[in-house]
Amino acid sequence: NPPVLDPISTPTKIAAITLSGTKPANTSITVNGTQRVALDGLTTWSCSYTLSEGSSQLSVKAVNTAGNESLPATASVILDTTPPRIASTNPSNGSVLNNVAKIDVLITDGNTSVDLEASKTGANVKVSGQMISGTWTIENGHIIFTPAGILTEGIYTATLYPADILGNKGAVSFSFIIDKTQPVVQSMTMDPASPHKAETVTFAITFSEEMLTGVQPLVSFSRGASYPTFAMTGNWINSKTWQGAYTFSTNTGDGEYTVNVSLAKDSAQNTMNAQNAGTFILDTVPLASPTVNPVTTPTKTPNQVLSCTKP
């Protein structure tokens with residue numbers, strides 16, 4: 001006959017447990033193939049067993065004096081000594097935003113269930129070391145923080161203490177940035193430098209902060225309201241610098257141009273105000289040929305002085 005294995009508390013956070021039950025007289029007990037109880041005439045048995053983290057499958061057999069094994073008594077036990085972890089947050093860690101109405105945290109545990117009430121106990125949100133007032137609630141399995149007022153600019157850190165139903169408790173933090181400041185153009189360079197002739201010029205526009213490079217700025221230049229406006233195309237070459245090029249010709253029109261930039265967004269999605277990035281001069285008119293004054297010819301003097309008029 002197989003042995004009887006008494007019920008085991010599972011899940012548990014205690015690794016060292018005691019297995020017990022009943023067995024036929026004059027048998028030993030093996031657990032997962034290893035003898036744990038020596039052969040004796042008793043009909044009850046017990047032994048210590050150390051669980052591994054996660055799920056353990058136990059197979060308990062009785063073995064008689066001839067070495068014959070019984071059918072197994074089986075059990076599955078979960079050892080969980082690890083606190084839950086954060087599965088996701090909104091805002092995400094390291095994100096930059098211009099507004100946050102609430103903070104949403106999803107906590108998960110691989111072996112047991114999350115104790116949501118215990119997990120929000122002691123949770124807090126701080127900016128520059130100062131606690132932010134608000135309310136913590138549980139909604140559809142998520143822990144939600146709703147601030148009492150509008151969050152101002154700064155670096156915010158949310159700290160929670162995830163706990164499971166076994167009492168395993170940890171501490172986790174994540175941070176995000178509130179940025180409400182509109183980006184501005186910090187500098188503009190041209191290659192080659194102004195003034196320009198009929199040629200291709202590369203413009204590099206650098207902004208004051210990290211930009212949303214999925215959004216292209218509107219870059220244009222004009223001599224004023226009475227003249228045409230020309231648009232320039234380009235791409236972001238890094239998170240702060242946009243680069244475009246334009247090929248000027250004699251048909252563009254000579255004069256002083258102002259470069260205008262608008263519609264660019266920073267990483268917090270603040271849209272810039274339209275801004276003059278700088279000016280340049282376009283001069284495509286060819287110079288008149290110089291006029292050489294008359295010279296004496298023929299002459300026997302090898303060294304002559306040439307003179308002329310020029311623009």
Other residues, nucleotides, ligands: >12 heavy atoms within 6.0 Å of Lys197 NZ: no

Donor-acceptor pair, side chain of Glu53 and main chain of Thr81, under 3.5 angstrom: yes

Test item: side-chain donor near acceptor, Ser20 and Ser46, under 3.5 Å: no

Distance in Å, Leu5 CG paired with Ile29 CD1, rounded so as to fall on 0.5 Å steps: 9.0 Å

Short side-chain donor-acceptor distance under 3.5 Å, Gln35 and Thr30: no

Distance-only polar pair, side chains of Thr241 and Thr206, donor-acceptor under 3.5 Å: yes

Within the 6.0 Å centroid threshold, strictly below: Tyr156 and Phe174: no

Euclidean distance, Ile138 CD1 relative to Ser119 OG, rounded to 0.5 Å: 8.0 Å

Exam field: side chain Thr146 to backbone Lys102, donor-acceptor pair closer than 3.5 Å: no

Side-chain donor or acceptor of Thr27 paired with backbone N/O of Pro24 under 3.5 Å: yes

Side chains of Ser59 and Thr74, donor plus acceptor under 3.5 Å: no

Thr258 and Asn276: side chain donor to acceptor below 3.5 Å: no

More than 12 heavy atoms of other groups within 6.0 Å of Asn140 CG: no

Residue pair Gln304, Thr299: steps toward the side-chain hydrogen bond (donor to acceptor under 3.5 Å, both in side chains) verdict: CA-CA 9 Å; Gln304 297 284 327; Thr299 180; 3.2 Å; yes

Short side-chain to backbone donor-acceptor contact, Asn98 and Ala268, under 3.5 Å: yes

Test item: Gln182 side-chain N/O and Thr271 main-chain N/O as donor-acceptor pair under 3.5 Å: yes

Ring-ring centroid check Phe248 Phe230, cutoff 6.0 Å: no

N-O pairing of Asp115 and Lys120 below 4.0 Å: no

Within 6.0 Å of NZ in Lys169, more than 12 heavy atoms from elsewhere: yes

Reported CD1-to-CG distance for the pair Ile78 and Leu166, which is rounded to 0.5 angstrom: 9.5 Å

CA sep, side-chain torsions, deciding dist, call: Ser175, Thr157, side-chain hydrogen bond (donor to acceptor under 3.5 Å, both in side chains): CA-CA 4 Å; Ser175 298; Thr157 300; 3.0 Å; yes

Main-chain N/O of Lys180 paired with Glu153 side-chain donor or acceptor, under 3.5 Å: yes

Polar contact flag, side-chain donor to acceptor under 3.5 angstrom, Asp191-Thr202: no

Rounded distance (nearest 0.5 Å) linking atom CG of Leu79 with atom OG of Ser56: 7.0 Å

Close aromatic pair by centroid cut-off 6.0 Å: Tyr227 and Tyr257: no

Residue pair Ser208 / Gln186, side-chain donor-acceptor N/O under 3.5 Å: no

Sub-4.5 Å side-chain heavy-atom contact between Trp242 and Met211: no

Residues Asn293 and Ser307: side-chain donor-acceptor under 3.5 angstrom: yes

Any donor-acceptor pair under 3.5 Å from Asp109 side chain to Ser113 backbone: no

Option passing side-chain contact (heavy atoms from CB on, under 4.5 Å) with Thr12 (candidates Asp80, Leu51, Thr112): Leu51

Gap separating the OG atom of Ser267 from the CD1 atom of Ile177, nearest 0.5 angstrom: 7.5 Å

Ile155, CD1 atom: more than 12 neighbouring heavy atoms under 6.0 Å: no

CG-CG distance between Asn26 and Asp40, expressed to the nearest 0.5 angstrom: 8.0 Å

Gln130 CD: over 12 foreign heavy atoms closer than 6.0 Å: no

